[in-house]
Amino acid sequence: MADYRELWKSLNIDLEKHDQLCAVLPEFFGDIYLSQENRPEGMNYYNFVVSEIHGYRIKELAEYREKGGKVFGSFCVFVPDEVVLAGDAVVVGLCGGSDFWVPDGEKVLPRNMCPLIKASVGAKVGGTCPYFQSVDMLVGETTCDGKKKAWEILEEYTPMHVMDLPQMKREKDKLHWMDEIKIFKEQVEGLTGNTITKEKLEEGIKLINQKRKVLQRLYNTRKAENLPISGKDALLITQIAFYDDPNRFIEKTTELCEELEARIEREERVFKEGTKRILVTGTPMAIPNWKMHHLIETSGGAVVCEETCTGTRYFENLVDENKNTIEEQMRALADRYLGINCACFTPNEGRIDDIIRLYKEYKAEGVIYYSLPFCHTYALEYKKVKEALEKEGIPVMMIESDYSLQDAGQIKTRLEAFFEMLETSKEAAVTK
Ligand code: BJ8
């Protein structure tokens with residue numbers, strides 16, 4: 001990585017502490033990612049993005065802000081990026097996925113709390129995340145209780161706007177969410193000084209739809225019998241989608257998709273035959289949380305799809321582009337976003353349908369239900385998901401795990417036993 005110390009200093013980064021973070025990431029990434037065999041050439045771009053994770057993009061954001069541009073930071077896939085783009089602003093995802101930030105988070109939050117929240121708050125409080133230091137406004141939402149209360153702490157550091165997400169999906173909730181998007185539009189206009197016109201919003205909608213489409217194309221390649229890409233690599237790409245420049249991301253991911261489709265034609269695979277195809281469902285995996293995928297893919301499994309917010313919930317369903325007024329566009333945005341099936345909703349039967357559908361589409365052989373500790377909504381929803389999957393004859397196992405590596409050995413043992421069970425039931429089905 002080039003020398004960005006002056007830039008980091010200008011962003012009030014705690015340089016000494018930040019050096020510790022920079023020192024561990026390359027080795028961590030090397031062990032988990034670069035050790036994989038037969039990776040697609042197109043992954044070089046994403047390797048570069050990670051090698052420059054606190055550099056290149058931060059410099060771009062700084063240059064943009066120097067010219068008067070504004071940067072928004074969000075924590076949830078319900079925040080409509082389209083509105084930010086329509087205001088000629090930039091949006092970056094800020095969810096923390098590293099154990100490094102947890103101790104700083106614990107200085108201001110209770111210990112028995114979701115690591116994603118602790119890491120996100122810790123990244124800001126400790127002054128070790130240049131993305132947090134580059135945003136002009138944070139956008140929170142009322143999803144889980146932990147996040148809601150965390151916003152009250154974060155707003156002591158950076159201006160914060162909170163979107164009131166309904167927890168049901170009735171018509172009145174849709175109207176309420178539409179109102180919230182309108183209020184958010186006013187916030188974006190207020191901060192940027194730019195008016196969001198119908199034309200600008202249309203551009204934003206088209207661009208984000210394009211990003212969704214390229215991610216859908218990428219995921220489609222994972223439906224192939226011969227997997228052309230590992231689950232770890234696919235996860236990394238989705239994680240990067242949250243903060244990369246959208247146009248560049250679309251271009252690079254399109255190139256990669258072409259390569260993957262050619263691999264499928266040639267029947268080139270990244271895993272040996274017999275590797276168990278796994279659907280992961282549950283809480284999001286913010287960068288650099290690669291733990292579960294790494295454990296699965298080094299224990300005899302391959303992740304073929306993620307029903308998570310760093311997976312299909314991020315890009316399934318497009319916003320209708322053919323609307324004639326801002327009012328209609330707002331309704332189209334509300335409709336698309338309220339189609340996301342997060343466990344913070346009740347009832348949330350749609351998520352169960354999604355899991356079963358994705359399991360079939362991606363020809364999965366088993367489901368790993370992943371939950372971060374203290375995430376009550378996802379942990380509680382396991383009961384209903386498990387019952388529904390069992391009814392369908394779909395094997396499922398729940399794993400609750402935080403960002404530390406302490407439980408890695410124990411999880412590996414459980415995964416190996418689960419994959420063995422999948423193999424035994426497959427053999428039994430064949431001999432029947
Ligand atoms: S739409 S999953 S990104 S809220 S922070 S709920 S893990 S206890 S992140 Fe989420 Fe939006 Fe829903 Fe997706 Fe649980 Fe942790 Fe809360 Fe979390």
Side-chain angles (χ1 to χ4, degrees), residues 73-81 91-99 101-102 105-106 109-124 138-154 162-169 173 177 180-181 184 212 215 235 238-239 241-243 280-287 289 291-292 306-317 333-334 336-348 350-352 354-355 369-382 385 398-403:
S74 72
F75 303 86
C76 179
V77 297
F78 274 97
V79 174
D81 290 355
V91 57
V92 288
L94 290 176
C95 285
S98 169
D99 210 29
W101 289 313
V102 169
E106 286 176 348
L109 296 169
R111 290 195 68 196
N112 51 352
M113 148 138 287
C114 158
L116 186 145
I117 300 175
K118 286 195 283 192
S120 304
V121 172
K124 179 66 205 175
L138 298 171
V139 191
E141 32 27 74
T142 53
T143 42
C144 66
D145 288 351
K147 273 173 145 186
K148 264 189 303 218
K149 300 313 281 182
W151 309 147
E152 295 172 16
I153 295 172
L154 282 176
V162 179
M163 297 184 76
D164 181 19
L165 184 76
Q167 316 273 279
M168 294 178 86
K169 293 181 179 178
D173 300 308
W177 187 236
E180 283 298 307
I181 299 176
F184 181 49
R212 291 191 185 109
L215 283 165
L235 173 66
T238 318
Q239 289 171 333
F242 281 84
Y243 66 93
V280 170
T281 178
T283 47
M285 297 166 173
I287 199 165
N289 178 10
K291 176 177 170 180
M292 196 51 59
E306 297 83 13
E307 190 280 318
T308 66
C309 288
T310 39
T312 55
R313 275 182 239 138
Y314 182 48
F315 58 76
E316 276 202 325
N317 305 324
L333 285 167
R336 188 266 159 194
Y337 278 92
L338 275 197
I340 301 171
N341 296 315
C342 172
C344 66
F345 285 89
T346 185
N348 195 30
R351 178 162 169 242
I352 295 175
D354 287 345
I355 297 170
Y369 193 106
Y370 167 72
S371 180
L372 290 166
F374 307 107
C375 178
H376 302 313
T377 52
Y378 280 89
L380 279 163
E381 204 158 274
Y382 180 59
V385 172
M398 175 161 178
I399 298 182
E400 192 176 272
S401 182
D402 63 11
Y403 294 164

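None of the values given here were measured: they were computed from a predicted structure. Both ligands and their constituent atoms are indexed starting at 1 by order of listing.
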Mind listing the side-chain donor-acceptor pairs of residues 370-378 below 3.5 Å, one per line with the distance, residues two or more places apart or on another chain?
from	atom 1	to	atom 2	distance (Å)
Tyr370	OH	Asn289	ND2	3.0
Tyr378	OH	Arg313	NH1	2.8
Tyr378	OH	Ala343	N	3.3

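- For the pair Leu333/Phe184, no side-chain contact is recorded, criterion being any heavy-atom separation below 4.5 Å from C-beta on.
- At a threshold of 2.8 Å, atom 13 (Fe) of ligand 1 has a backbone or side-chain N, O or S atom of Cys309 nearer than that distance.
- For ligand 1, the atoms closer than 4.0 angstrom to any heavy atom of Thr143 are 4 (S).
- Among the backbone and side-chain atoms of Cys76, an N, O or S atom lies under 2.8 Å from atom 11 (Fe) of ligand 1.
- Taking 4.5 Å as the limit, some side-chain heavy atom of Asn341 sits within range of a side-chain heavy atom of Lys169.
- Atom 15 (Fe) of ligand 1 has Cys114 SG as protein N, O or S atoms under 2.8 Å away.
- In summary, the atoms of ligand 1 found under 4.0 Å from a heavy atom of Phe78, numbered by their order in the structure, are 1 (S).
- Remark: atom 17 (Fe) of ligand 1 lies closer than 4.0 Å to no protein heavy atom.
- Using a 4.5 Å heavy-atom threshold, the side chains of Asp354 and Thr312 count as separate.
- Between Lys124 and Leu94, the closest side-chain pair of non-hydrogen atoms is not below 4.5 Å.
- Salt-bridge formation is detected for the pair Lys148/Asp145: a Lys NZ or Arg NE/NH1/NH2 atom is positioned less than 4.0 Å from an Asp or Glu carboxylate oxygen.
- Nearest heavy atoms, Ser74 versus Val91: OG-CG2, 4.1 Å.
- The single protein non-hydrogen atom nearest to atom 12 (Fe) of ligand 1 is Cys342 SG, 2.2 Å, given as residue, atom name and distance.
- Aromatic rings of Phe75 and Trp151 (six-membered ring for Trp) have centroids within the 6.0 Å cut-off, being under it.
- Contact of the Met163 side chain with the Pro80 side chain is registered, since non-hydrogen atoms from C-beta on lie closer than 4.5 Å.
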